[in-house]
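Have a look at the structure below before the remarks.
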Amino acid sequence: MEQTIRQAAQTDASRVAEIIITNYRVNFYPIFRNDAFYFFELNVADAIQQYREDPLILENTYVFEENGIVKGVLRMNGTEIEKLFVEPTFQNQQIGAKLLHFAVERLGADHLWVLEKNPRAVRFYQRNGFRLTQQKKLEEDTTEYLLQMIK
């Protein structure tokens, strides 16, 4: 079983988009209930096009690959973890924890923002050494709060 975490390449664009969009729909649609956004605006084809137009996105994106299958995605913005998602089919296999450890140890990640109404994500980050601060901010264009977590 060969596992690696590596920088995403253009050839990973569709898989990266698929993992991120699937997770947005599974994790965030039940909170926001915005059909137009989650099922029309948010789609794999547009995400792939965005990666082609702005290659910096993939330069800051890393993938967890096992036996040739991309199973998880990490996106960084400086020392901030911007996105960390695992294909739902492969969750509960320590892939997220491995990506998080990679972000901290190899990329110097020290903070992130997590949706307040996503207690599963908050618990995951807490189990892996992050703690909540008193900082909160509104998620853009919503009435939902993001909570800051630090290492």
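Numbers here simply count residues along the sequence, with the first being 1.
Taken to the nearest 0.5 Å, the CG atom of N77 stands 11.0 Å off from the CD1 atom of I57. N27 contributes atom CG, which lies 9.5 Å from atom CG of L115 (distance to the nearest 0.5 angstrom). Interatomic distance, CD of Q135 versus CD1 of I150, reported as 9.5 Å (0.5 Å rounding). To the nearest 0.5 angstrom, E139 atom CD is 9.0 Å from E144 atom CD. To the nearest 0.5 Å, atoms CZ (R52) and CG (L58) are separated by 10.5 Å. The CE atom of M76 lies 9.5 Å from the CG atom of L112; values are rounded to the nearest 0.5 Å.
At most 12 non-hydrogen atoms from other residues, nucleotides or ligands lie less than 6.0 angstrom from CD of Q94. Within a 6.0 Å radius of OH in Y145, no more than 12 heavy atoms belonging to other residues, nucleotides or ligands are found.
Using a 4.5 Å heavy-atom threshold, the side chains of R33 and I31 count as separate. The side-chain heavy atoms of Y29 and D35, taken from C-beta on, include a pair separated by under 4.5 Å. By the 4.5 Å heavy-atom criterion applied to side chains, M149 and W113 are not counted as neighbours. Taking 4.5 Å as the limit, every side-chain heavy atom of F37 sits out of range of all side-chain heavy atoms of F32. Within the 4.5 Å cutoff, the side chain of H111 has no heavy atoms near those of the I81 side chain. Residues V73 and T61 form a side-chain contact, since some pair of their non-hydrogen atoms from C-beta on lies under 4.5 Å apart. Residues I19 and N23 have side chains in contact (heavy-atom distance under 4.5 Å, counting atoms from C-beta outward). Two residues are said to be in side-chain contact when any heavy atoms from C-beta on lie closer than 4.5 Å; L146 and E116 fail this criterion.
No donor-acceptor pair closer than 3.5 Å links the side chain of D46 to the backbone N or O of L42. Although no hydrogens or angles enter the test, the distance criterion places no donor-acceptor pair under 3.5 Å between the side chain of D54 and the main chain of Q50.
Judged by distance alone, the side chains of Q91 and E87 never bring a donor and an acceptor atom under 3.5 Å apart. For the residue pair Q148/R131, the side-chain donor-acceptor check at 3.5 Å is not satisfied.
Linking ILVMFWY residues whenever their side-chain heavy atoms come closer than 4.5 Å, directly or via other members, leaves V16 and V86 in distinct clusters. Transitive grouping of hydrophobic side chains (ILVMFWY, heavy atoms separated by less than 4.5 Å) keeps F130 and F85 in distinct clusters. I20 and I48 fall within the same hydrophobic cluster, defined by Ile, Leu, Val, Met, Phe, Trp and Tyr side-chain heavy atoms under 4.5 Å apart, directly or through other members. No path of Ile, Leu, Val, Met, Phe, Trp and Tyr side chains, each step under 4.5 Å between heavy atoms, connects V44 with I69, placing them in separate hydrophobic clusters. The hydrophobic cluster containing I95 also contains Y125, counting ILVMFWY residues as joined when their side-chain heavy atoms lie under 4.5 angstrom apart, directly or transitively.
The two atoms that bring A121 and V114 nearest to each other are CB-CG2, 3.6 Å, heavy atoms only. Here the closest heavy-atom approach between residue F64 and residue E66 is recorded as CE2-CB, 4.0 Å. Across all their heavy atoms, I21 and A47 have their closest contact at CD1-CB, 4.1 Å.
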Stepwise side-chain contact (heavy atoms from CB on, under 4.5 Å) check, N118 with F28: CA-CA 8 Å; N118 190 352; F28 305 132; 3.8 Å; yes
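Residue pairs meeting the salt bridge (charged side-chain N to carboxylate O under 4.0 Å, His left out) criterion with at least one member in residues 75-84: none, sequence neighbours excluded.
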For residues 97-105, which side-chain donor-acceptor pairs fall under 3.5 Å, sequence neighbours excluded?
residue : atom : partner : partner atom : Å
K98     : NZ   : Q3      : OE1          : 3.0

Donor-acceptor pairs are to be reported for all side-chain atoms of residues 4-11 against protein atoms at under 3.5 Å, with residues two or more places apart or in another chain.
residue : atom : partner : partner atom : Å
R6      : NE   : E65     : OE1          : 3.2
R6      : NH1  : D12     : OD2          : 2.7
R6      : NH2  : D12     : OD1          : 3.0
R6      : NH2  : D12     : OD2          : 3.3
R6      : NH2  : E65     : OE2          : 3.3
Q7      : NE2  : E59     : O            : 2.9
Q10     : NE2  : Y51     : O            : 3.3

